[in-house]
Amino acid sequence: VYVNATGVNDYNRDALRDASRWILRQNGQPVKVDGWQVLDIREPEARRWWLYGSDGKASCTDDRPRQSPLDLIACGYRGLWVDNVLTVPSAWFLPDPGIDANQWAEGLVALLTELRAALPQGVPFTINAHWTDIDFPWASGFGLNFESQFLRAERPADQLLIEGAAIDHGRNCGGGP
């Protein structure tokens, strides 16, 4: 579960307690990506918690581990970076929770769309799409599917970073024909 610029890991007990009802589990064990617990973003309440935090509003709280992305903007940050945008959960989720890839991708698209709608005008944000996402339109051809979840997840961002590969500050990849 990423809450803010530093994320939420096993050591951030307060945020994990706040999000406990939305943490993905498999056989009672938390599902993780690169050691980070995973918030079930298919759930609208989970997305709202991620965006606004426990108080449900964008406010500049002094409790840094509990600052949500919109709290960061309220505290004066001028942009956001959303890391590990994975549209295909089986690629990195351990243990694999068996989530339907289309449902997961729809939750991710909804989260990023809701974030864009909540950001004040002129506040840019970047997403980091992981190079292992198997829906990434590899360079072997030029017939991009502009309705793929990968490209739909990229659209609300101002800048796209493909981890370890490229930065697309003009969103040309997902902008459509």
Side-chain angles (χ1 to χ4, degrees), residues 1-25 30-87 89 92-93 97 99 103-130 133 149-163 167-171 173-175:
V1 176
Y2 285 89
V3 174
N4 58 27
T6 60
V8 175
N9 58 31
D10 291 336
Y11 305 104
N12 192 333
R13 299 287 176 212
D14 291 338
L16 286 173
R17 186 176 49 251
D18 290 350
S20 64
R21 64 187 149 207
W22 303 300
I23 299 292
L24 285 176
R25 297 184 185 282
V31 172
K32 296 185 179 185
V33 174
D34 291 338
W36 301 89
Q37 294 195 35
V38 178
L39 187 70
D40 192 347
I41 57 173
R42 298 171 300 172
E43 299 292 331
E45 298 83 15
R47 294 192 305 265
R48 182 166 178 74
W49 176 83
W50 187 84
L51 290 169
Y52 292 97
S54 297
D55 64 1
K57 58 186 176 184
S59 57
C60 188
T61 175
D62 290 334
D63 189 357
R64 287 202 68 197
R66 286 195 170 176
Q67 286 178 335
S68 72
L70 294 174
D71 290 340
L72 295 173
I73 298 302
C75 288
Y77 282 67
R78 294 182 290 168
L80 290 176
W81 168 283
V82 180
D83 199 6
N84 249 359
V85 175
L86 293 167
T87 61
W92 275 89
F93 290 20
I99 295 173
Q103 289 178 356
W104 180 261
E106 289 302 322
L108 180 64
V109 169
L111 175 70
L112 297 174
T113 302
E114 291 163 10
L115 174 58
R116 168 51 76 204
L119 287 173
Q121 184 71 23
V123 173
F125 86 100
T126 300
I127 66 168
N128 177 33
H130 207 278
D133 191 318
Q149 286 99 339
F150 180 87
L151 294 179
R152 288 177 52 230
E154 178 269 334
R155 284 183 187 136
D158 294 300
Q159 180 170 279
L160 171 67
L161 177 114
I162 307 299
E163 188 164 323
I167 294 176
D168 183 356
H169 60 84
R171 296 187 356 235
C173 175

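Because the structure is a prediction, the values reported are computed rather than measured.
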* Shortest non-hydrogen contact from Gly107 toward Arg47 -> O-CD, 3.6 Å

* Where at least one partner belongs to residues 117-127, residue pairs that pass salt bridge (Lys or Arg N to Asp or Glu O under 4.0 Å), sequence neighbours excluded -> none

* To do: State, yes or no, whether a side-chain contact exists between Arg155 and Leu160 at a heavy-atom distance under 4.5 Å.
  => no

* Asked: When rounded to the nearest 0.5 angstrom, what is the spacing between CD in Glu106 and CG in Leu111?
  -> 12.5 Å

* Which residues pass the side-chain contact (heavy atoms from CB on, under 4.5 Å) test with Ala153, sequence neighbours left out? -> Val85, Thr87, Leu108, Val109, Leu112

* Of all the heavy-atom pairs spanning Leu80 and Pro69, show the shortest one and how long it is. => CD2-O, 3.8 Å

* **Nearest non-hydrogen partners of Ala19 and Leu39, listed with the distance** => CB-CD1, 4.0 Å

* Structure fact -> Minimal heavy-atom distance between Trp104 and Leu86, with the atoms involved, is NE1-O, 3.0 Å

* Asked: Val38 versus Pro30: any side-chain heavy-atom pair under 4.5 Å?
  -> no

* Non-neighbouring partners of Ser20 that pass side chain to side chain donor-acceptor pair (under 3.5 Å), sequence neighbours left out -> none

* Asked: Mind checking whether Trp81 and Leu161 have side chains closer than 4.5 Å, heavy atoms only?
  -> yes

* Asked: Looking at CD1 of Ile41 and CH2 of Trp49, how far apart are the two atoms once the value is rounded to the nearest 0.5 Å?
  -> 13.0 Å

* To do: Compute whether any side-chain donor of one residue and acceptor of the other, for Asp18 and Ser54, lie under 3.5 angstrom apart.
  => yes

* Do the charged groups of Glu43 and Arg48 touch, with an N to O distance under 4.0 Å? -> no

* Structure fact -> For Ser68 and Gly53, the nearest pair of non-hydrogen atoms, with its separation, is CB-N, 3.4 Å

* Heavy-atom side-chain proximity of Val82 to Thr126 below 4.5 angstrom -> no

* To do: Starting at CD of Gln67, measure out to CD1 of Ile73 and round the result to the nearest 0.5 Å.
  => 11.0 Å

* Structure fact -> Tightest non-hydrogen contact, residues Val123 and Arg116, listed as O-NH1, 3.2 Å

* **side-chain contact (heavy atoms from CB on, under 4.5 Å) evaluation trace for Leu70 with Leu119** => CA-CA 7 Å; Leu70 294 174; Leu119 287 173; 3.9 Å; yes

* Could you tell me which residues satisfy side chain to side chain donor-acceptor pair (under 3.5 Å) with Asp40, sequence neighbours excluded, listed by chain and number? => Arg42

* Report yes if the side chains of Pro156 and Leu115 come closer than 4.5 Å at any heavy-atom pair, otherwise no. => no

* Asked: Ser59 and Asp71: side-chain contact (heavy atoms from CB on, under 4.5 Å), yes or no, with the steps?
  -> CA-CA 5 Å; Ser59 57; Asp71 290 340; 3.8 Å; yes

* Asked: What pairs with Arg78 under salt bridge (Lys or Arg N to Asp or Glu O under 4.0 Å), at least two apart in sequence or on another chain?
  -> none

* Taking C-beta and beyond as the side chain, do Arg25 and Val31 meet within less than 4.5 Å on heavy atoms? -> no

* To do: Indicate yes or no: at least one non-hydrogen side-chain atom of Gln159 is less than 4.5 angstrom from one of Pro124.
  => no

* Structure fact -> Applying ring-ring contact (aromatic ring centres under 6.0 Å, His included) to Phe125 and not counting sequence neighbours gives none

